[in-house]
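Heads up: the structure comes next, in structure tokens.
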Amino acid sequence: MFDAYGFGVCEDDEDDERSHEYWFVDSTVQSTRSVREWDKIMRSWDEFMTGCPPRIAGRLRRGIPRASRGRVWKRLLGSDVLRTNSSFDYQATFGRLTTFLSDNGLHETGGHDTISRLSTLADDCVDEDRAKHYLALKQILLDTGRTFPSHRIFTDSEIDPEMGAACDKNLARFGSCTGPCRGKLLHVLAAYERYNPVVGYCQGMSFIAGVLLMHMNEEDAFWCL
């Protein structure tokens, strides 16, 4: 079973091993009212940012309802402006990635054979930049399986103890690590590694991208990253 935020929890409270408690819980009434207030702000965003930034700051301190979170984050980060002004083509990069994976018999969800193959490709490559890219993909695939492994968008609904144990010691109770957004997480991180080669891929980045994917589509998550 999953909690209100999409994370797997045990039916038996005594076995719930989470190390945190949620300090903020949306009530239906509060959330509905907050969504209406944020809708009003979003319709006149520039006016509020110019004439009444304290009101936005106050709303942020009180929390953004889940229904509004993705849209508000995009506005705050200026991701749509960044996308418009950039020459980077996310869809073309995504296409090249999927072609590369397919041509080399690699899988978006990783696995021993895929990781080993990427290591071999990197070792055999004479182009230093391409070799670094292969190693970055290898690390991304290693990390995506360890990113929020019990969240509903990253885990299967089927129980698979063997795969679960490979991803997380508690995941066998929730499913395997090949959920609907596991591939999307790879796409976002691999694209960012190409978009910003100076930074490339850094461990821990997958958790930021994972949270973004909980609230928006993959291309929006990329531009917010």
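Worth knowing before you read on, the calculation uses all heavy atoms, side chains too, and leaves out hydrogens, waters and symmetry mates. Here the structure is a predicted model, which is why all the values come from computation and not from measurement.
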task = Check whether any side-chain heavy atom of Thr155 sits under 4.5 Å from a side-chain heavy atom of Ser150, and report yes or no.
result = no
query = Residues two or more places apart in sequence or in another chain: which of them pass side-chain hydrogen bond (donor to acceptor under 3.5 Å, both in side chains) with Asp113?
reply = none
Within residues 98-117 or reaching into it, pairs that qualify as ring-ring contact (aromatic ring centres under 6.0 Å, His included) - sequence neighbours excluded = Phe100-Tyr134
ask   = In Å, rounded to the nearest 0.5 Å, how long is the span from CG of Leu121 to OG of Ser116?
value = 11.0 Å
Side-chain donor-acceptor pairs under 3.5 Å in residues 39-49, sequence neighbours left out?
from  : atom 1 : to    : atom 2 : distance (Å)
Asp39 : OD1    : Arg71 : NH2    : 2.7

inquiry  = I need the Leu106 CG to Leu118 CG distance, nearest 0.5 Å.
reply    = 5.0 Å
request  = Locate the shortest heavy-atom distance separating Ala131 from Cys125; write the atom from each residue and the value.
outcome  = N-SG, 3.9 Å
ask   = By side chain to side chain contact (heavy atoms under 4.5 Å, CB included), which residues pair with Gln203, not counting sequence neighbours?
value = Gln139, Asp143, Arg146, Tyr201
inquiry  = Filter on salt bridge (Lys or Arg N to Asp or Glu O under 4.0 Å), then keep only pairs touching residues 128-142, sequence neighbours left out; what's left?
reply    = Glu128-Lys132
Side-chain donor-acceptor distances from residues 72-84 under 3.5 Å, at least two apart:
from  : atom 1 : to     : atom 2 : distance (Å)
Lys74 : NZ     : Asp220 : OD2    : 3.3
Arg83 : NH2    : Asp220 : OD1    : 2.3
Thr84 : OG1    : Asp80  : O      : 2.9

Let me check something: any side-chain donor-acceptor pairs from residues 205-216 under 3.5 Å, sequence neighbours excluded? List them with distances.
from   : atom 1 : to     : atom 2 : distance (Å)
Ser206 : OG     : Thr147 : OG1    : 2.8

remark   = For Arg194, the side-chain hydrogen bond (donor to acceptor under 3.5 Å, both in side chains) test, sequence neighbours excluded, returns His133
request  = Provide the closest heavy-atom pair for Gly183 versus Glu108 in the form atom of the first, atom of the second, distance.
outcome  = CA-OE1, 3.7 Å
query = Taking side chain as C-beta onward, heavy atoms only, is Leu225 less than 4.5 Å from Leu189?
reply = yes
task = Could you pull out all residues at least two apart from Arg117 that satisfy salt bridge (charged side-chain N to carboxylate O under 4.0 Å, His left out)?
result = none
ask   = Can you find a heavy atom in the side chain of Ile64 that is under 4.5 Å from one in the side chain of Ser68?
value = yes
query = Considering only heavy atoms from C-beta outward, does the side chain of Val199 approach that of Tyr192 to under 4.5 Å?
reply = yes
request  = Kindly determine whether Leu186 and Leu101 satisfy side-chain contact (heavy atoms from CB on, under 4.5 Å), including the steps that lead there.
outcome  = CA-CA 11 Å; Leu186 166 65; Leu101 294 174; 4.1 Å; yes
message = Under the rule for side chain to side chain contact (heavy atoms under 4.5 Å, CB included), what residues qualify as partners of Asp124, not counting sequence neighbours?
response = Thr120
query = Just wondering, do Arg33 and Pro65 contact through their side chains at under 4.5 Å, heavy atoms?
reply = no
request  = Measure centre to centre between the rings of Phe222 and Phe88, then say whether the value is under 6.0 Å.
outcome  = yes
query = Among pairs that include at least one residue of residues 85-102, which meet side chain to side chain donor-acceptor pair (under 3.5 Å), considering only residues two or more places apart or in two chains?
reply = Tyr90-Glu218, Gln91-Glu219, Thr93-Arg96
ILVMFWY cluster, Ile115 and Ile140 together (side-chain gap under 4.5 Å) = yes
Minimum-distance pair of heavy atoms, taken over all atoms of Leu141 and Gly110 = CD2-N, 3.8 Å
